[in-house]
Amino acid sequence: MKIIDIKTYILSNQLQQPFAYSQGWVTHRSTTVVEVVTDLGLSGWGETFSVGLQTPEIAASIIESTFKPLLMGEDPTNTEVLWHKMYHHTRDYGRKGVVIGAISAIDIALWDIHGKVTNQPIYKLLGGAFREKIQAYATGFFRTKGQGEAKEMANEAMKHASDGFDLMKVKIGFGIQDDLDVINGVRNAIGDKITLMIDANHAYSAVDAVRLGLSLEKMDLRWFEEPVVPESIRAYQEVKRKLSIPIAGGEAEYTVFGFKNLLENNAIDIAQPDVCLVGGFTACKHIMALAYAYGVEVNPHVWGTAIGQYASLHLLAATPVSNHSLFAQQPVFEYDTSMHPFRTELVEQPIEHKNGWVDVPQGSGLGIKINRSFVENKGKLVTI
């Protein structure tokens, strides 16, 4: 079996209602999707992480100009070999950022093909499932005005609770007092039985992250995500040292080399690789092994299309608990509740939770069936 084509699509959709997180306004949802085609007629699908502040054209151009000619004629089931081939080919200029994101998209597609060839779900190829159902947490709490939306966030929390979520992640980073108003409002609205996480998207200095965290320590938060900028290991160390809240990070980090810096410097309690950005399944395997050796929990991040969601579920199924016990805390699935047509219309069976729980996909490969008419009508095929 050989790779005979790689098709790259750009999907972009303008939002009727833009929303904000700490780093800016999201006006549209966009992504770069790839289809790796083989001479046997099988193809695999992958995507690279993209948000409203990014342009998917950059990843698409890298895939078309650099990786497509590099991989023609290769056996797609040689996932480890091809990952290193792509990484080494771009190592001098692409160790982080959009180049690794492009590798991620192709790597996911290669694993999808491998699963289809062997008639196994990807989690089987990764070593098997530690769990067949995964608890989901509602990610949302984005702002439509910016500040002063504590009441709206409390109402959203009550909706998530009524939908069956026992876990929720609140977006913060809009100023310490505004964050406190929001989090206290949410907690008062839903009570103490629902577990909360907070995510600043690296909005704060170490000093301000600690000030905020100390005010929230009695809330028994599951984690404080990206309190400071990803470049500063020292800032992460300071926040982790001064707070009892577990510190999570890594969604903006790349490959095992980036996570090595976080782990060997004792900078995080929870590692959050995003399979669509960190280097795909192959890179996640490397990271999970390293985190296991350091005793650091792995809880993948996901904010992508249905492809990214399916990929994340396979990864979560195959993620071991780093500190084993009879009642060890299990990793949880990030369930994006914001507007995203590529989550619901890109595949024929979008991921749906049932009372806050999601089943691990059981089909071969990713287990998805792409809605090709949607891709062809809404997507832009890139050619260089």
Side-chain angles (χ1 to χ4, degrees), residues 6 8 23 31-34 36 46-51 53-71 74 78-111 201-202 225-226 228-237 248-268 270-294 296 298 300-304 308 311-312 315 384:
I6 296 178
T8 309
Q23 297 304 301
T31 192
T32 304
V33 170
V34 300
V36 177
E47 75 159 307
T48 181
F49 178 87
S50 182
V51 298
L53 302 181
Q54 297 172 317
T55 53
E57 290 82 4
I58 300 174
S61 67
I62 292 169
I63 293 168
E64 285 291 311
S65 65
T66 303
F67 294 133
K68 181 175 180 177
L70 188 69
L71 298 180
E74 294 283 358
N78 290 334
T79 50
E80 188 78 29
V81 172
L82 296 186
W83 190 93
H84 284 273
K85 184 172 185 176
M86 290 187 285
Y87 184 78
H88 293 153
H89 187 76
T90 56
R91 192 174 201 166
D92 288 347
Y93 60 87
R95 295 188 302 275
K96 292 181 183 289
V98 70
V99 174
I100 301 300
I103 291 176
S104 303
I106 294 172
D107 184 80
I108 292 168
L110 297 178
W111 281 84
N201 289 109
H202 52 80
E225 182 171 330
E226 279 204 308
V228 293
V229 293
E231 295 91 344
S232 180
I233 297 292
R234 181 171 293 182
Y236 263 101
Q237 290 174 321
E251 73 176 74
E253 194 50 88
Y254 304 88
T255 75
V256 70
F257 302 109
F259 278 85
K260 176 176 178 289
N261 289 333
L262 289 170
L263 296 171
E264 71 181 2
N265 286 290
N266 194 29
I268 55 175
I270 301 165
Q272 296 181 301
D274 189 308
V275 68
C276 296
L277 189 64
V278 77
F281 286 112
T282 302
C284 286
K285 280 178 55 187
H286 306 157
I287 293 163
M288 286 194 300
L290 187 65
Y292 186 78
Y294 277 97
V296 171
V298 176
H301 170 274
V302 60
W303 204 66
S312 185
L315 184 63
I384 295 178

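Quick note: numbers below take in every heavy atom, side chains included, and nothing from hydrogens, waters or symmetry partners.
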To the nearest 0.5 Å, how far apart are [atom1] in [X] and [atom2] in [Y]?
X    : Y    : atom1 : atom2 : answer
L315 : K285 : CG    : NZ    : 11.5 Å
K85  : E80  : NZ    : CD    : 15.0 Å
E226 : H301 : CD    : NE2   : 7.5 Å
H88  : L70  : NE2   : CG    : 12.0 Å
Q272 : L277 : CD    : CG    : 12.5 Å
T79  : I108 : OG1   : CD1   : 12.5 Å

Inset, instruction - Hey, could you give me each pair passing side-chain hydrogen bond (donor to acceptor under 3.5 Å, both in side chains) that has a residue in residues 228-237? Not counting sequence neighbours. - result: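 Qualifying pairs, neighbours excluded: none.
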Sidechain-backbone polar pair: [X] side chain, [Y] backbone, donor-acceptor under 3.5 Å:
X    : Y    : result
T48  : A105 : no
D274 : E251 : no
T66  : I63  : no
E47  : G308 : yes
N265 : N261 : yes
W83  : G279 : yes

Legend entry - Working for side chain to side chain contact (heavy atoms under 4.5 Å, CB included), residues F49 and V278: CA-CA 9 Å; F49 178 87; V278 77; over 6 Å; no
Can you give the donor-acceptor pairs under 3.5 Å from side chains of residues 91-101 to other protein atoms, not counting sequence neighbours?
residue: R95; atom: NH1; partner: R91; partner atom: O; Å: 3.2
residue: K96; atom: NZ; partner: E253; partner atom: OE2; Å: 2.4

What's the shortest heavy-atom distance between [X] and [Y], and which atoms?
X    : Y    : answer
A291 : V298 : CB-CG2, 3.4 Å
A59  : T32  : CB-OG1, 3.9 Å
V275 : C284 : CA-SG, 3.9 Å
G249 : F259 : O-CE2, 4.2 Å
V34  : A109 : CG2-CB, 4.2 Å
G250 : L262 : CA-CD1, 4.3 Å

Inset, instruction - Would you indicate whether the side-chain heavy atoms of M86 and L71 approach each other to under 4.5 Å? - result: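 With C-beta onward as the side chain, the pair touches.
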Inset, instruction - Compare all side-chain heavy atoms of Y294 with those of N266 and state whether any distance is below 4.5 angstrom. - result: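 The answer is no, as the side chains (C-beta and beyond) never meet within the 4.5 Å cut-off.
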Legend entry - Enclosure of Y292 OH (heavy-atom neighbours >12, cutoff 6.0 Å):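 Counting neighbours around OH of Y292, 12 or fewer heavy atoms of other residues, nucleotides or ligands fall under 6.0 Å, so no.
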Inset, instruction - Check step by step if side chain to side chain contact (heavy atoms under 4.5 Å, CB included) holds for F281 and L110. - result: CA-CA 9 Å; F281 286 112; L110 297 178; over 6 Å; no
Inset, instruction - Apply side chain to side chain contact (heavy atoms under 4.5 Å, CB included) to the pair L82 and I106, showing each step before the final yes or no. - result: CA-CA 10 Å; L82 296 186; I106 294 172; over 6 Å; no
Inset, instruction - If the plane angle is over 60° it's perpendicular, under 30° parallel, otherwise tilted; pick one for F257 and Y87. - result: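 F257 and Y87: parallel rings.
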